[in-house]
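Below is one structure, written out as structure tokens; comments come after it.
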Amino acid sequence: MLFSRLRMSRRAAFIPFLTAGDPDLQFTAAALPILGQAGADLIEVGFPFSDPIADGPVIQASYTRALQGQLRLNHIWEMLRSLTTTPQWQTPLVGMVSYSLIYRKGLQRFVVAARQAGIHGLIVPDLPVEEAEELAQVCRDYECKMILLVTPTTPLQRAERIVRICSGFVYVVSVVGITGSRDHLPPTLRPLLHRLRSLTDLPLCVGFGVSKPEHVEELAEVADGIIVGSALVQLLENARQDPAGTLAALGTFVRRLCQPLHQQSKPAP
Amino acid sequence: MLTAPSSLRHYPDQRGRFGPYGGRYVPETLMYALEQLETAYKEARQDPQFHQEFNRWLQEYVGRPSRLYFAERLTREAGGARIYLKREDLNHTGAHKINNALGQALLTRRMGKQRVIAETGAGMHGVATATVAALFGLRCRVYMGQEDIRRQELNVFRMRAMGAEVFPVGSGSQTLKDATNEALRDWMSSVETTHYIIGSVVGPHPFPMIVRDFQSVIGQETRQQCLEQLGRLPDAIVACVGGGSNAAGMFYPFLDDQQVELIGVEAGGRGPVLGHHAATLNYGSPGVLHGTFSYVLQDEDGQTAPVHSVSAGLDYPGVGPEHSWWHDTGRVRYCSVTDQDALAAFHLCARLEGILPALETAHAVAEALRLAARMSSQQVVVICFSGRGDKDCAEVARLGQNPPSSS
């Protein structure tokens, strides 16, 4: 729905990432609407995990800060539910969750809780396609999207298998490595997107290393969505000391990153 | 209990599974590297020249075969079965870790990579990796938690002296599990040029299989030495289990010898409350950690629980997936030994045999003494004597555990 609307207006989606509970859930509850108002089309909510192997130092530090506050999964669900059930709420949410957390709760229990909290899809960065079928089935049963990742090291045949099981959108990792901000987008990205385009009609959203309006501008022409994580999470480092200032900074940063997209937007022919 | 298949030696299967355990729970970026490693290892495994070279280095550099030694005074102390020590502590660098590090360094060379990384807790695997990196002229970085760097000063010095870079890890609990996270992250950005020499039978497939295979030299030698020296197989074999590499290497060649009882000893720490021990198979449940499905110690949300053991090498909230399978099939019995009993065994072994065991090894000694006492003098217990205790002397002294006064 979201992506077809955006495609009509020939505009890429802007997808910021925010850790639930960093520094606390009250802050997250205030920050999510601000991201929406500042131009987020979809928000990726990170579920803190003690041992996140796919994430870089910025997001891991954020997870650690969140877990230091005795954060429980139930409290995340409650916060999201009270937010997404208000009539003003419009921005769809997807969860970024380690399989360790999903497995412990039970696949079905986790997906049901996520759907009840207003989450539309799950990104599970440590669940490769070989192990994904069981969760994919549960997601289908509860109309939850399951978003898998494709990287520059993924061979074409494998990518084909991945996009087949994928729903919602494909998360295209722009670089080899972990999440984190980078100066330049890699030259291999454009050919990777072209290859994927030949395999699937699903929207292709690019993440890992997007941190500047110039990145967004460059990507807007080739990708259906742009995911910004570490650059945003970095702003949370002082959130405990200065929550109001941090919320304002988040809004400003997202507006600045979104700007190239709104210039890009044109009426459908 | 599940039904054991015809032979437990046939695992893992094509998907890297030991029964339900194992597999690969890693970011997509690592899948390519793991497949490349699996292919390289399968080729090496079938290449007689690779085995020849591995065996030659084991003999000439590590000093294998290690001795199977009759511990007469420990035997008398226990008052039951005869106790033998498989002396992995006599290997170059003082522990079994060198067997695996050497094998993986040869694999690194074969894959044409110039750099190795490793994680380390107590520092023994870090030292073993630094050693083989020096030997083969590979660049080497070892990830080590800041807390462990503080506890294991001597090993940090040894690694640096051999040219390795010791990279302090300040995230999370600043111990082995965080060093493992950091090494996996490094590998995700460096797979083209770097091999990750994982230190135990943990992590995503094919690591648990590779490490077990390289460590199996322990069990193969023990089996042969028992037949030569005793004319028969032992009645029981005891080994400590953190991630479980020395135990996996010792047990694997004996899996089909049903008359040999196999016992894995986990770190019981201060007691059975979550957070006070590292006895994953005794108190944990199946879950996902560090890229594999195995028993883990987690809270009800799936967050990794804090663990404790007096021994840094057993201080790990997971366990190798093959051990989980052996546990469920009942082929291996897993028990635990407390900090206090391990420390007592450390002193006893030192005073009676003139051998200082690593604190990890002391857990196995403690259980073996209990076990031997219940057996007859006709029977034989072998302890996998995984490492020497020099590295632990400062910690034992700090704990104020003075040797018991002379009797």
Side-chain angles (χ1 to χ4, degrees), chain A residues 47-61 63-64 66-68 70-76 97-106 110 124-132 148-155 158-159 162 170-173 175-180 182 208, chain B residues 14-17 22-36 169-174 176-193 203-205 284-294 296-306 317-318:
Chain A
F47 284 66
F49 175 47
S50 53
D51 296 85
I53 51 177
D55 288 298
V58 172
I59 288 178
Q60 185 181 21
Y63 283 179
T64 304
L67 291 172
Q68 271 162 0
Q70 308 300 315
L71 181 74
R72 311 298 307 190
L73 208 44
N74 278 339
H75 301 153
I76 301 180
V97 198
S98 165
Y99 193 64
S100 302
L101 305 187
I102 298 177
Y103 184 83
R104 172 61 65 207
K105 278 292 153 189
F110 193 97
V124 189
D126 52 359
L127 189 69
V129 62
E130 286 81 357
E131 313 286 358
L148 276 79
L149 289 82
V150 173
T151 78
T153 59
T154 308
R158 205 181 146 73
I162 292 171
V170 181
Y171 193 133
V172 183
V173 176
V175 289
V176 177
I178 50 177
T179 56
R182 286 169 182 81
F208 280 51
Chain B
Q14 289 293 324
R15 294 175 58 227
R17 295 280 182 173
R24 284 175 182 157
Y25 295 87
V26 294
E28 178 62 22
T29 316
L30 277 187
M31 290 305 288
Y32 168 74
L34 291 171
E35 267 157 29
Q36 186 195 35
V169 177
S171 57
S173 62
Q174 308 187 0
L176 176 59
K177 82 173 175 71
D178 309 285
T180 308
N181 292 333
E182 213 55 49
L184 280 166
R185 288 199 190 109
D186 179 314
W187 203 37
M188 267 183 263
S189 322
S190 64
V191 289
E192 303 292 336
T193 57
H205 178 66
S285 53
V288 174
L289 179 69
H290 290 147
T292 190
F293 177 60
S294 190
V296 288
L297 293 169
Q298 290 178 334
D299 70 11
E300 56 184 28
D301 275 1
Q303 308 291 352
T304 306

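Letters A, B, ... are given to chains in the order of the sequence lines, protein chains preceding strands, and every chain is numbered from 1. Nothing here was measured: the structure is a model prediction, and the numbers come from that model.
Heavy atoms of B:S285 lying under 4.5 Å from chain A belong to its backbone as well as its side chain. Only the side chain of A:I162 comes within less than 4.5 Å of a heavy atom in chain B; its backbone stays farther off. For A:F49, the parts lying under 4.5 angstrom from a heavy atom of chain B are both the backbone and the side chain. Interface residue A:P52: backbone and side-chain heavy atoms are both found under 4.5 Å from chain B. Proximity to chain B (any heavy atom under 4.5 Å) is restricted, for A:P125, to the backbone atoms N, CA, C and O. Contacts between A:L71 and chain B at a heavy-atom distance below 4.5 Å involve the backbone alone (N, CA, C, O). For A:E130, the parts sitting under 4.5 Å from any heavy atom of chain B are the backbone and the side chain alike.
A:D51 places none of its side-chain heavy atoms less than 4.5 Å from the side chain of B:Q298. Counting heavy atoms from C-beta outward, A:R104 and B:V288 have side chains that stay 4.5 Å or more apart. Considering only heavy atoms from C-beta on, B:E28 stays 4.5 Å or farther from A:V150 through its side chain.
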I would like to know whether A:R72 and B:D299 meet side-chain contact (heavy atoms from CB on, under 4.5 Å); could you show each step before the answer?
CA-CA 10 Å; A:R72 311 298 307 190; B:D299 70 11; 3.7 Å; yes
Step by step, work out the salt bridge (charged side-chain N to carboxylate O under 4.0 Å, His left out) result for B:D301 and A:K105.
CA-CA 7 Å; B:D301 275 1; A:K105 278 292 153 189; 3.5 Å; yes
Checking B:E35 against A:R158 for the side-chain contact (heavy atoms from CB on, under 4.5 Å) test, could you report, in this order, the C-alpha distance in whole Å, the side-chain angles of both residues, the deciding distance, and whether it holds?
CA-CA 12 Å; B:E35 267 157 29; A:R158 205 181 146 73; 3.8 Å; yes
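Ring geometry for B:F293 against A:Y103 counts as perpendicular: the plane angle is over 60°, on a 0 to 90° scale with 30° as the lower cut.
Interatomic distance, A:Q60 CD to B:E182 CD, rounded to the nearest 0.5 Å: 6.5 Å.
Of all heavy-atom pairs spanning A:I53 and B:N181, the tightest one is CG2-OD1, 3.4 Å.
Evaluation of the side-chain contact (heavy atoms from CB on, under 4.5 Å) rule for A:S50 yields A:L67, B:Q303, B:T304 as partners, not counting sequence neighbours. Partners of A:Y63 by ring pair (Phe, Tyr, Trp, His ring centres under 6.0 Å), not counting sequence neighbours: none found.
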